[in-house]
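Worksheet: the structure to be examined is printed underneath.
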Amino acid sequence: MNSMTPISSPCVVALTWTLKDTLGEVLDVLDEPVEFLLGGHDLLAAIERALQGQVVGTKLDLHLEPTDAFGDYDEYRVFLEDRKLFPAEVEEGMTFEGLPPGCNPEAPRDLLYTATEIYPEHVVLDGNHPLAGFALRLHLKVEALREATEAEISQGSLGVGFFQTHPQAPGGHGLH
């Protein structure tokens with residue numbers, strides 16, 4: 001692939017970006033190019049659509065509503081759990097893949113939970129992505145393009161995944 005080859009799935013794109021909220025606060029900066037599998041699970045669908053047909057060197061400014069980014073904030077993904085179910089060293093900001101045994105049986109087991117508050121008797125766990133409910137502005141640049149290998153295509157990911165999608169609830173997707 002050369003620098004004038006239009007992007008089409010599946011392929012690997014190397015991107016740099018600046019991610020901001022709608023007030024202009026910088027949330028993430030990626031100065032060094034990182035490769036993502038286009039046509040897999042590495043990027044948000046809105047980003048994939050915007051990249052189709054572009055070429056190396058393209059700069060894009062995207063406005064992503066919550067439904068196109070990390071979803072709306074869902075209060076039903078917040079749970080108050082017994083402090084005894086967690087390690088003694090649990091701290092605010094720690095993340096857990098799923099919930100320990102003994103937690104609320106109604107809580108989805110396949111979410112990435114963040115401990116948002118620690119009390120002597122309870123831990124508040126939030127299964128929403130930290131950017132859920134936020135509209136975002138993404139300035140990105142296509143730095144490089146290459147063919148995806150068969151292994152990458154069958155895996156569906158390069159394993160990086162700031163924008164990698166993971167099933168969270170029936171019909172939903174969460175992002176890391």
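Note that the coordinates shown come from a computational prediction; the quantities given were computed from them, not determined experimentally. Side chains included, hydrogens not; waters and symmetry mates left out as well; all remaining heavy atoms used.
- In the hydrophobic clustering of ILVMFWY residues, with side-chain heavy atoms under 4.5 Å counting as a link, F134 and L30 come out together.
- Taking the side-chain contact (heavy atoms from CB on, under 4.5 Å) definition, one finds that I118 meets it with R83, V90, E92, A115, V123, sequence neighbours left out.
- In this structure, the side-chain hydrogen bond (donor to acceptor under 3.5 Å, both in side chains) partners of T149, at least two apart in sequence or on a different chain, are E152.
- Interatomic distance, L158 CG to L37 CG, rounded to the nearest 0.5 Å: 5.0 Å.
- Looking at every heavy atom in both residues, L99 comes nearest to A107 through CD1-CB, 3.2 Å.
- C11 and L145 get closest at one heavy-atom pair: SG-CD1, 3.4 Å.
- Between Y113 and T95 the shortest side-chain heavy-atom distance does not fall below 4.5 Å.
- The two atoms that bring C103 and L85 nearest to each other are SG-CD1, 3.7 Å, heavy atoms only.
- Through direct or relayed side-chain contacts under 4.5 Å between Ile, Leu, Val, Met, Phe, Trp and Tyr, V124 connects to Y73, V78, L80, Y119.
- Among residues two or more places apart in sequence or in another chain, the ring-ring contact (aromatic ring centres under 6.0 Å, His included) test is passed with F96 by F86.
- The pair K84-E121 does not meet the salt-bridge criterion, since no charged nitrogen lies less than 4.0 angstrom from a carboxylate oxygen.
- Between atom CD of residue E147 and atom CD1 of residue I153 there is a gap of 8.5 Å, rounded to the nearest 0.5 Å.
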Can you give each donor-acceptor pair under 3.5 Å made by side-chain atoms of residues 50-59, sequence neighbours left out, with the distance rounded to 0.1 Å?
{"unit_1": "Q52", "atom_1": "NE2", "unit_2": "S9", "atom_2": "OG", "d": "2.9"}
{"unit_1": "Q54", "atom_1": "NE2", "unit_2": "A50", "atom_2": "O", "d": "3.4"}
{"unit_1": "T58", "atom_1": "OG1", "unit_2": "V55", "atom_2": "N", "d": "3.2"}
{"unit_1": "T58", "atom_1": "OG1", "unit_2": "V55", "atom_2": "O", "d": "2.7"}

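- Hydrophobic clustering, defined by side-chain heavy atoms of Ile, Leu, Val, Met, Phe, Trp and Tyr closer than 4.5 Å, leaves Y76 isolated from every other such residue.
- Between P108 and F79 the shortest side-chain heavy-atom distance falls below 4.5 Å.
- E81 meets the salt bridge (charged side-chain N to carboxylate O under 4.0 Å, His left out) test with no other residue; sequence neighbours excluded.
- Hydrophobic cluster of L23: no remaining members, since no ILVMFWY side chain lies below 4.5 Å from it.
- A heavy-atom distance below 4.5 Å is not found between the side chains of T114 and L125.
- Rounded to the nearest 0.5 Å, atoms OG1 (T67) and CG (D72) are 6.5 Å apart.
- Residues V26 and L19 form no side-chain contact, since every pair of their non-hydrogen atoms from C-beta on lies 4.5 Å or further apart.
- A donor-acceptor contact shorter than 3.5 Å is absent between the side chain of D42 and the backbone of S157.
- In the hydrophobic cluster analysis, where Ile, Leu, Val, Met, Phe, Trp and Tyr join through side-chain heavy atoms closer than 4.5 angstrom, L38 is grouped together with L60.
- Taking 4.5 Å as the limit, every side-chain heavy atom of P33 sits out of range of all side-chain heavy atoms of L15.
- Of the inter-residue distances, the one linking D126 atom CG with E117 atom CD reads 10.0 Å to the nearest 0.5 angstrom.
- Cluster membership check: W17 shares its hydrophobic cluster with L27, using side-chain heavy-atom separations under 4.5 Å among Ile, Leu, Val, Met, Phe, Trp and Tyr.
- One distance of note links CG of D28 with CG of L136; it measures 10.5 Å at 0.5 Å rounding.
- The shortest side-chain heavy-atom distance between V12 and F36 does not fall under the 4.5 Å cut-off.
- Here A46 pairs with R49, L64, D68 under the side-chain contact (heavy atoms from CB on, under 4.5 Å) rule; sequence neighbours left out.
- In this structure the side chain of V13 never reaches within 4.5 angstrom of the side chain of E35, judged on heavy atoms.
- The side chain to side chain donor-acceptor pair (under 3.5 Å) contacts involving residues 130-145 comprise T16-E143, D61-H139, where partners must be two or more places apart or lie in separate chains.
- Contacts of A135 classified as side-chain contact (heavy atoms from CB on, under 4.5 Å), with partners at least two apart in sequence or in another chain: T22, H63, E65, P66.
- Applying the salt bridge (charged side-chain N to carboxylate O under 4.0 Å, His left out) rule to D21 yields no partners; only residues at least two apart in sequence or on another chain are considered.
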